[in-house]
Amino acid sequence: MHVTFQLATEIEAALLVAAAAAGLADAADFKPDVRTAEARHGDFQANGVLGYAKARKLNPRAVAEQLVAALSPALRDASDVAIAGPGFINFTLKPAVLLAWLRQFGTAPALRAGAAAAHAGQTWVVDYSSPNTAKQMHVGHLRSAVIGEAICRLLEFTGAKVIRDNHLGDWGTQFGKLIYGYKRWADPAALAADAIEELERLYKLGNNATPDGSPELDEARAELVKLQQGDSENVALWQKFSDVSLAAFQKIYDRLGIRFDHNLGESFYNDKVERIYRELTETGLAQESEGALVVFHPEHPRFKTQPFIVRKADGASNYASTDLATAAYRAEHFKADGIVVVTDFRQADHFEQLYLTVRKWFAAKNYRLPELHHVTFGAVTGEDGKALKTRSGDVIRLKALLDEAEDRAYAIVLEKNPDLPEDERREIARIVGIGAVQYADLSQNRSSNYVFSWDKMLALDGNTAPYLLYAVARIHSIFRKAGVAPGDAAAEAGATSPETAAEISLARKLTKFPDAVRLAGESLRPHFLGLYLFELAGEYSSFNNADKVLVDEPAVRARRLLLCARTLLLLETGLGLLGLRTLTRM
RNA sequence: GUCCCCGUAGCUCAACUGGAUAGAGCACCUGCCUUCUAAGCAGGUGGUUGUGGGUUCGAUUCCCGCCGGGGACGCCA
């Protein structure tokens with residue numbers, strides 16, 4: 001039997017054929033709207049009949065009956081078809097079809113090939129994490145990094161060439177103060193021990209020593225001017241700041257499984273802004289206002305009066321100028337088909353103005369316009385809704401958060417599995433602890449603020465990474481005991497179609513993986529995949545509890561081993577797409 | 001003042017972008033380990049989806065008005 005990766009798409013196509021065959025009035029306008037259904041209704045449901053019938057003042061159930069009568073024999077053989085409610089068409093796949101799908105998409109390459117159609121041949125630039133240099137990363141930097149990496153992996157899996165670009169905050173007035181502090185108070189021993197810690201201290205000293213209106217502030221500004229004019233000493237210092245910062249960031253990124261292709265920060269675009277001023281002016285988009293160069297958007301309720309300032313009155317560039325230059329660079333140099341920027345929601349206005357401007361600018365110059373996306377999330381705050389602080393008043397550092405996560409996970413491992421070797425306990429603690437932190441951000445879809453809580457971030461019960469990892473570990477355990485590798489062809493050879501309620505329920509869930517990946521990829525919301533994996537792990541756990549795998553009957557054993565192998569494949573693949581590592585034992 | 005986001009069970013969150021009886025976890029209660037890992041499974045208690053209208057076959061979802069929380073609004077990024 002032939003099955004496709006996206007069964008929903010296959011059913012949708014069959015319904016379109018049926019619409020034409022049934023002679024529906026303007027059948028070409030009929031949109032089947034097939035989606036995954038709640039299990040009690042079937043595997044997939046077509047909702048399109050309702051809207052179609054309503055627009056033409058037809059009885060939706062009668063239209064549904066016409067369509068069902070005209071369905072291809074292949075689809076009628078493959079599924080139970082039922083008309084329900086006001087006019088839904090429900091499709092429940094037969095066990096033999098479930099088995100066929102599981103056999104056809106039984107390997108990682110097969111899954112990847114099936115999913116790759118969505119963004120095949122496209123190049124996407126993803127801009128995420130983007131911390132400021134010379135400062136430690138804190139918990140506020142976590143979400144962009146975790147969500148951004150998951151989006152990268154989803155885009156790659158769905159066929160795109162992904163360019164990971166860390167748009168560092170590595171330019172601006174703060175460097176004058178940092179250089180001022182560095183030249184006076186730098187402690188070589190502290191720099192050697194923990195460079196970024198020392199840079200933070202020097203920045204604070206520099207900042208405190210240069211209050212508004214002071215001659216010290218003029219000196220700090222002079223340092224900045226020297227840097228901008230290419231003074232060799234200051235440029236060398238700036239380079240050193242960048243180097244030690246990136247090295248420190250990479251230690252965090254390594255723990256999160258992140259590696260950037262480029263670190264093109266604001267400094268990279270600093271000399272690419274003249275063109276922006278010129279082209280925005282010559283296309284009539286920008287105008288002088290109070291000495292600055294600004295863009296208004298007359299069609300917009302607020303941006304018709306709220307300016308997008310692309311050049312300051314003193315002639316200097318700002319965030320807007322470099323972001324415009326960045327968009328052009330990504331479109332032209334990387335030939336991006338899509339650009340994704342991941343930041344917290346407070347920058348929503350800025351990006352709305354930016355993208356409005358880019359669209360008009362590119363249209364006026366006849367440049368090829370990539371898809372432009374701003375992926376937002378809520379800010380991380382303390383219990384009081386204000387910026388997050390520890391008891392001592394400092395922000396919580398990302399390193400401390402990850403350390404704490406591993407420590408808590410280690411304590412649980414010691415309690416649950418004291419007999420494992422120490423090395424393995426540590427490895428489990430790393431994967432479970434970091435995974436819990438990642439999943440805390442990937443399991444929810446909220447643009448409201450995120451109130452930080454250690455217990456929430458490091459929760460190990462319920463809808464968390466450990467629950468998913470535990471299901472993975474249990475499946476590995478079964479294969480260890482069976483003495484075969486997951487996916488072993490001989491072990492699965494005699495598999496029959498799923499039969500028991502738990503087998504069928506699990507098999508049905510497995511076939512929904514493509515829909516979860518599609519949904520998460522198209523909407524750039526990884527939590528849809530997280531939700532699916534959680535539900536899949538739940539189905540597996542129920543199955544694991546209800547049906548013993550390693551039984552004597554060869555056909556039953558084979559089909560259950562197949563179900564285990566596919567569950568493992570999809571859980572490991574899916575968790576990998578979210579950026580989590582998995583275990584074989586825990 | 002203008003505009004944006006958010007408000008769902010005691011708590012933390014879902015709800016496939018308008019679909020069917022709004023679902024999970026935590027907490028609380030009842031069962032299940034001589035049986036592939038109990039970091040688990042089965043079940044129970046818990047809802048006027050902030051609020052009042054509107055749109056329609058159908059609204060947590062869209063529109064309007066309130067209430068509450070957060071945010072952005074001319075030279076920071």
Side-chain angles (χ1 to χ4, degrees), chain A residues 33 35-38 40-41 45 47 50-51 53-54 60 84-88 90 130 132 169 171-174 266 289-294 300-303 305-314 316 318-320 322-323 343-350 352-353 376 378-379 381 385 409 412-413 415-417 432 440 443-449 451 453 455-456 459-464 466-467 469-471 473-482 512 515-516 518-520 522-523 525 527-528 530-532 534-535 538 541-546 548-551 560 564 585-586:
Chain A
D33 188 19
R35 60 180 66 189
T36 58
E38 282 185 57
R40 67 173 186 271
H41 295 128
Q45 63 184 63
N47 297 343
L50 290 156
K54 180 177 174 290
F88 300 108
N90 293 333
S130 307
N132 293 325
W171 202 248
T173 52
Q174 71 270 28
E266 285 151 8
S289 172
E290 299 177 27
L293 189 66
V294 308
H300 192 280
R302 194 154 47 95
F303 301 145
T305 53
Q306 180 180 320
F308 189 50
I309 300 174
V310 300
R311 186 181 62 204
K312 301 195 284 185
D314 65 4
N318 66 359
Y319 192 28
T322 55
D323 275 0
T343 78
D344 78 58
F345 73 102
R346 287 174 296 189
Q347 297 193 33
D349 266 14
H350 168 77
E352 196 180 346
Q353 287 178 305
T376 64
T381 72
I412 305 273
V413 177
E415 175 199 327
K416 305 272 185 191
N417 245 328
V432 171
S443 63
Q444 65 181 69
N445 169 40
R446 272 280 160 264
S447 45
S448 56
N449 282 356
V451 177
S453 127
D455 288 338
K456 177 182 166 183
L460 303 175
D461 298 317
N463 181 8
T464 63
Y467 180 80
L469 296 172
Y470 184 63
R474 289 175 99 180
I475 299 172
H476 275 292
S477 177
I478 289 173
F479 282 102
R480 270 196 302 273
K481 180 154 184 180
K512 306 307 185 302
D515 302 281
R518 176 191 53 75
L519 189 59
E522 281 179 359
S523 62
R525 292 192 220 189
H527 86 283
F528 282 123
L531 180 65
Y532 167 78
F534 178 64
E535 289 170 355
S541 296
S542 299
F543 160 77
N544 183 82
N545 200 56
K548 187 169 166 60
V549 174
L550 301 179
V551 294
R560 289 183 182 168
C564 286
R585 231 168 16 163
M586 70 183 272

- Task: Determine: side-chain N/O of A:Lys548 to OP1/OP2 of B:U35, distance under 4.0 Å, yes or no.
- Result: no
- For A:Arg474 and B:G40, what is the distance between atoms CZ and C1' respectively, to the nearest whole Å? 5 Å
- Query: Side-chain donor or acceptor of A:Ser289 under 3.5 Å from a matching atom on the base of B:G74?
  - Reply: yes
- Item | Interatomic distance, A:Gln174 CD vs B:A77 P [rounded to whole Å] | 8 Å
- Task: May I ask you to decide whether A:Arg302 forms a salt bridge with A:Asp349, counting only side-chain N to carboxylate O separations under 4.0 Å?
- Result: yes
- Separation of B:U12 C1' from A:Asn445 CG (nearest whole Å): 15 Å
- Item | A:Tyr319 OH - B:C73 P separation (whole Å) | 11 Å
- Could you state the CG-C1' distance from A:Asn463 to B:C11, rounded to the nearest angstrom? 15 Å
- Query: What is the distance from CZ of A:Arg40 to P of B:G23, rounded to the nearest Å?
  - Reply: 6 Å
- Message: Under a 3.5 Å cutoff, is there a donor and acceptor pairing between the side chains of A:Glu352 and A:His300?
- Response: yes
- Message: Treating A:Asn318 as the side-chain partner and A:Arg311 as the backbone partner, does any N or O pair qualify as donor plus acceptor under 3.5 Å?
- Response: no
- Output yes if the stacking criterion (under 5.5 Å between centres, under 30° between planes) is met for A:Tyr467 over the base of B:A39, else no. no
- What integer distance in Å separates A:Arg518:CZ from B:C16:C1'? 8 Å
- Query: Using the rule for Phe, Tyr, His and the six-membered ring of Trp, do A:His41 and B:A20 stack at under 5.5 Å and under 30°?
  - Reply: yes
- Message: Syn or anti for B:C33? Use the chi torsion, O4'-C1'-N9-C4 for purines and O4'-C1'-N1-C2 for pyrimidines, with syn inside 90° of 0.
- Response: syn
- Item | Minimum-distance nucleotide (side-chain atoms of A:Ser541 versus B:A15, B:G71, B:G40) | B:G40
- Query: Is there a side-chain polar atom (N or O) of A:Arg35 under 4.0 Å from OP1 or OP2 of B:G19?
  - Reply: yes
- Note on the structure: Rounded to whole Å, the CZ-P distance (A:Arg302 to B:G1) equals 15 Å
- Separation between NZ of A:Lys548 and CZ of A:Arg560, rounded to the nearest 0.5 Å: 10.0 Å
- Task: Would you kindly compare A:Gln306 and A:Glu352 by the position of their nearest RNA chain B nucleotide and give the one closer to the 5′ end?
- Result: A:Glu352
- Query: So, does the side chain of A:Asn545 form a donor-acceptor pair with the base of B:A38 at under 3.5 Å?
  - Reply: no
- What nucleotide, of B:C41, B:G19, B:G74, holds the atom closest to the side chain of A:Phe88? B:G19
- Message: Return whichever of A:Thr173 or A:Ala409 has its heavy-atom-nearest nucleotide of RNA chain B closer to the 5' end.
- Response: A:Ala409
- Give the dot-bracket string for RNA chain B, reading 5' to 3', where a pair is Watson-Crick or G-U wobble with both distances under 3.5 Å, ( ) marks pairs inside the strand, [ ] marks pairs crossing earlier ones, | marks a partner on another strand, and . marks unpaired. (((((((..((((.....[...)))).(((((.......))))).....(((((..]....))))))))))))....
- Message: Please tell me if A:His527 has a side-chain N or O lying less than 4.0 Å from either OP1 or OP2 of B:A15.
- Response: yes
- Note on the structure: Closest of B:C36, B:A14, B:C57 to the A:Leu50 side chain is B:C57
- Touch class at under 4.0 angstrom, heavy-atom based, for A:Pro301 against every strand present: nothing
